[in-house]
Novice: 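Just passing along the structure, written as structure tokens.
Numbers restart at 1 for each chain; the letters A, B, ... are given by sequence-line order, proteins then strands.
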Amino acid sequence: MQQLLQQLINGITIGSFYALVALGYTMVYGVLKLINFAHGDLFMWGAYIGLTGLSLLATLLGGGGPVSIFPVAVIVMVTIALIGVLIERIAYRPLRSAGRLAPVISALGAAFILESLARNIYGASWKTYPTGLVPAGRVALLGGVRISIMQVLVLAVSFLLMALLYLFVYRTRIGTAMRAVSLDHEVSRLMGIDVDRIIATVFLIGPGLGGLAGMIVALYYGSFDFTLGWIFGLKAFISAILGGIGNIPGAMLGGMILGIIETLGAGYVSPQWKDVIAYVILILILIFRPTGLLGERVAEKL
Amino acid sequence: MLRKVLLLALAAVLVLPLFAGCKPKEAAPIKIGVELPLTGDYAYEGQGMLKSIQLLVDQTNEAGGLLGRKIELVVEDDAGDAGQASQVAQKLVDAGVIAVIGAYNSSATEPASVIYNQAGILHITPSSTATRLTEKGFQRFFRVCFLDDRQGLFAAKFMKEVLGAQKIGILHDNSTYAQGLAEHTKRYAEQLGMNVAFYDAINPADKDFTPTLTRIGGAGLDAIYFTGYHAQGGLLLKQSADLGLKLQWVMGNACNNPELIQIAGVENAAGTYVTTEPLPKDVNVPEAKKYVEDFKARYGEEPASVWWMMAAEAFNVIRYAIEQTKSTDPKVLAEFLHQAKNINGITGPILGWDEKGDRLGTIHVAYVISDKGEFILNPQQPSP
């Protein structure tokens with residue numbers, strides 16, 4: 001029982017990372033019907049920009065400490081958001097009327113470019129975040145189950161961000177415009193919505209959140225390299241599909257479910273079988289709910 | 001008379017270019033291939049190994065080369081990937097190398113070795129220790145490192161004799177190397193009467209191993225032996241401390257790397273044992289001391305892992321074979337190495353190789369990570 005609770009906590013932590021990254025996939029898909037394969041690598045770049053920011057601040061202020069996380073987090077979000085908008089401008093917008101496949105290839109190209117840039121600029125070796133930024137203590141919950149302060153913070157921040165995003169999309173004018181654009185570009189334009197601007201906004205928010213997730217993951221695990229975006233990007237993409245792509249609560253749900261299934265598979269069967277177990281369950285879910293758990297429309301593209 | 005002089009002059013003009021043509025041909029460099037992971041997960045090792053080889057090659061060339069010819073390195077990056085290894089192996093063959101040093105990991109060495117064997121090239125791996133690499137009957141394949149088999153025996157004896165463990169766990173990462181070492185360790189541990197109560201593998205592409213660790217934590221083990229690589233080793237140490245588990249970790253020689261401690265954090269790595277060949281600075285032969293000094297003088301850092309030294313050793317062996325045989329024919333060199341005995345190696349005396357190309361003897365030791373985050377030779381070692 002104690003082990004089961006511990007495994008659930010492990011799974012929710014992993015799942016919250018998948019969910020945070022999945023938000024970026026699902027938002028872009030919602031408005032553009034495009035799988036933004038560069039998203040995983042924008043997430044990875046968040047980890048690197050965060051590292052640069054923290055080291056800079058540490059040399060400038062000498063130490064920095066936990067407080068330095070906040071300004072650096074803002075820098076990371078802004079930088080990655082700008083890179084996201086830039087990619088949309090250069091690689092996606094010119095191809096918007098070019099059919100389905102061209103933007104997908106363009107997105108894959110952007111992903112490879114981002115990954116190679118990270119490797120060439122930062123080098124191929126593993127990078128480590130400074131330790132001691134977050135107190136290392138652990139809280140013992142009932143029955144000897146442990147949750148670290150870091151885990152509590154990660155979960156709190158993740159849920160807060162997801163809730164804020166949900167409120168933004170469903171309760172603000174820009175959010176309403178986004179949902180309108182996701183239904184139909186032409187009609188939205190007739191209604192006086194600046195579609196290009198809404199899409200640019202999506203490319204600010206999605207990558208911004210993704211970049212922040214990259215920094216949180218790097219803070220949590222302490223080390224990473226330039227391949228970080230690949231596995232998290234893939235798992236997050238699957239989470240988005242599982243939850244119903246284009247659907248924000250779906251991305252959160254999909255991430256959590258994938259994280260928990262993987263963890264239980266690794267913890268109770270074998271880590272070698274966890275992917276088999278996880279994906280058999282996912283295929284079953286998709287057979288019975290082809291649009292994903294919370295998806296409404298059939299994903300008719302790609 | 002004038003006619004004779006003219007004829008002679010004409011003859012000279014015609015013949016001279018022939019001699020001129022001979023000279024660069026004689027001085028054509030000896031091409032030696034290097035196949036290492038210069039990018040990807042193992043790039044840190046690959047880069048350091050390349051530096052080591054470059055150091056020795058430059059020293060050799062400054063001293064006049066070999067057989068009056070310069071050494072030219074042809075370097076290819078396999079990224080530690082089996083698919084890429086086959087491609088770059090073919091490139092090295094096409095470049096006309098007589099010998100290849102590489103690859104780093106067994107998964108990359110295995111497909112490449114088939115290609116080098118077909119091309120008849122001398123192939124020496126500095127660091128791939130999977131047993132089955134030398135089971136294919138390749139006559140020109142050698143290693144300067146030692147087999148996983150020996151390390152498995154050493155690790156089992158260490159856990160039993162030094163740690164007094166009865167119930168142990170073994171964790172690998174499904175790579176050719178790690179799985180091989182895990183299987184040998186399991187076999188020897190059971191022969192020594194220990195109970196292998198946990199035996200499984202992680203997926204090294206993952207970042208989060210808490211599900212597996214939680215399960216290991218519940219198994220009540222005296223010691224857990226991880227046979228994978230340092231990037232995952234570091235994460236395992238960090239996350240097992242985060243979970244509050246009190247596990248006695250022992251790790252294989254792919255974790256013999258300062259990055260392990262950097263990734264884990266010093267406080268989480270302290271007390272972990274690592275079974276491995278000795279660090280460069282702990283090898284007690286003059287050749288090793290000279291290598292460490294020269295490396296420091298050139299690069300301003302100490303050679304950080306034994307694999308860097310093994311890469312230098314691989315070149316040293318090729319150089320020795322060329323010097324002794326006065327030949328650059330891979331067949332002659334390979335036959336020579338099969339007969340060779342007691343070479344003064346950089347990594348200690350090389351007793352020779354068996355008919356499969358495996359280096360004889362062993363030099364494994366156990367290190368322990370100190371509270372300051374250093375690998376220090378553990379005072380207690382198992383019986384030889």
Novice: When rounded to the nearest 0.5 angstrom, what distance separates CD in B:Q239 from OH in A:Y220?
Specialist: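 One gets 6.5 Å once the value is rounded to the nearest 0.5 Å.
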Novice: Can you tell which of B:A205, B:A231, B:G217 has the highest number of heavy-atom pairs within less than 4.5 Å of chain A?
Specialist: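 The answer is B:A231.
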Novice: Could you check which of A:G11, A:S148, A:S270, A:G265 has the highest count of heavy-atom pairs closer than 4.5 Å to chain B?
Specialist: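 That would be A:S270.
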Novice: Do A:F232 and B:K207 come close enough that some side-chain heavy atom pair is under 4.5 Å?
Specialist: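 When only atoms from C-beta onward are counted, B:K207 and A:F232 do touch, with a gap below 4.5 Å.
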Novice: Go through the atoms of B:D41 and report whether side chain, backbone, both or neither lie under 4.5 Å from a heavy atom of chain A.
Specialist: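 Both parts, backbone and side chain.
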Novice: Does the side chain of B:L213 reach to within under 4.5 Å of the side chain of A:Q6, using non-hydrogen atoms?
Specialist: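 When only atoms from C-beta onward are counted, A:Q6 and B:L213 do not touch, as no gap falls below 4.5 Å.
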Novice: At what distance, to the nearest 0.5 angstrom, does CG of B:L243 lie from CD of A:Q151?
Specialist: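 B:L243 atom CG to A:Q151 atom CD measures 7.0 Å (nearest 0.5 Å).
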Novice: Could you list which of residues 244-264 of chain B have a heavy atom closer than 4.5 Å to any heavy atom of chain A, in residue-number order?
Specialist: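 Result: B:G244, B:E259, B:Q262, B:I263.
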Novice: Which one of A:T263, A:I9, A:L264 has the most heavy-atom pairs closer than 4.5 Å to chain B?
Specialist: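 Maximum pair count with chain B is reached by A:T263.
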Novice: Please classify the contact of A:L228 with chain B as side chain, backbone, both or neither, using a heavy-atom distance under 4.5 Å.
Specialist: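 For A:L228, the side chain is the part near chain B, not the backbone.
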Novice: In chain order, what residues pass the ring-ring contact (aromatic ring centres under 6.0 Å, His included) check against B:F198, with sequence neighbours excluded?
Specialist: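 Per chain and number, B:F198 pairs via ring-ring contact (aromatic ring centres under 6.0 Å, His included) with no residue.
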Novice: For the candidates B:Q47, B:K238, B:E267, B:H230, which exhibits the highest count of non-hydrogen atom pairs separated by less than 4.5 Å from chain A?
Specialist: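 The option with the most such pairs is B:K238.
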Novice: Working to the nearest 0.5 Å, report the span between CD of A:Q272 and CG of B:N174.
Specialist: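 A:Q272 atom CD to B:N174 atom CG measures 4.5 Å (nearest 0.5 Å).
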Novice: Roughly how far, to the nearest 0.5 Å, is the CG atom of B:D242 from the OG1 atom of A:T13?
Specialist: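 Rounded to the nearest 0.5 Å, the OG1-CG separation comes out at 10.5 Å.
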Novice: What distance separates B:Q232 CD from A:S223 OG, expressed to the nearest 0.5 Å?
Specialist: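 One gets 9.0 Å once the value is rounded to the nearest 0.5 Å.
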Novice: How far apart are the closest heavy atoms of B:R215 and A:A266, and which atoms are they?
Specialist: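 Taking B:R215 first and A:A266 second, the nearest heavy atoms are NE-O, 3.5 Å.
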Novice: Is there a donor in the side chain of A:N10 and an acceptor in the side chain of B:T214, or the other way round, less than 3.5 Å apart?
Specialist: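 Per modelled atom types, A:N10 and B:T214 side chains form a pair under 3.5 Å.
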Novice: Between B:L235 and A:Y221, what is the shortest heavy-atom contact and its length?
Specialist: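 It is CD2-O, 3.5 Å.
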Novice: Can you confirm whether A:F112 is buried at CZ, in the sense that more than 12 heavy atoms of other residues, nucleotides or ligands lie under 6.0 Å from that atom?
Specialist: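 Open: at most 12 neighbouring heavy atoms sit under 6.0 Å from CZ of A:F112.
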Novice: Drop me the distance from B:D206's CG to A:K274's NZ, to the nearest 0.5 angstrom.
Specialist: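 The distance works out to 3.0 Å.
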Novice: Sort out for me which of B:L38, B:I216, B:T39, B:D208 touches chain A most, counting heavy-atom pairs under 4.5 Å.
Specialist: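 With the most close heavy-atom pairs to chain A, the winner is B:D208.
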Novice: Which heavy atom of A:P271 sits nearest a heavy atom of B:A201, and at what distance?
Specialist: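 Closest approach of A:P271 to B:A201, heavy atoms only: CG-O, 2.9 Å.
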Novice: So for A:F224, is it side chain, backbone, both, or neither that comes closer than 4.5 Å to the heavy atoms of chain B?
Specialist: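 A:F224 touches chain B through backbone and side-chain heavy atoms alike.
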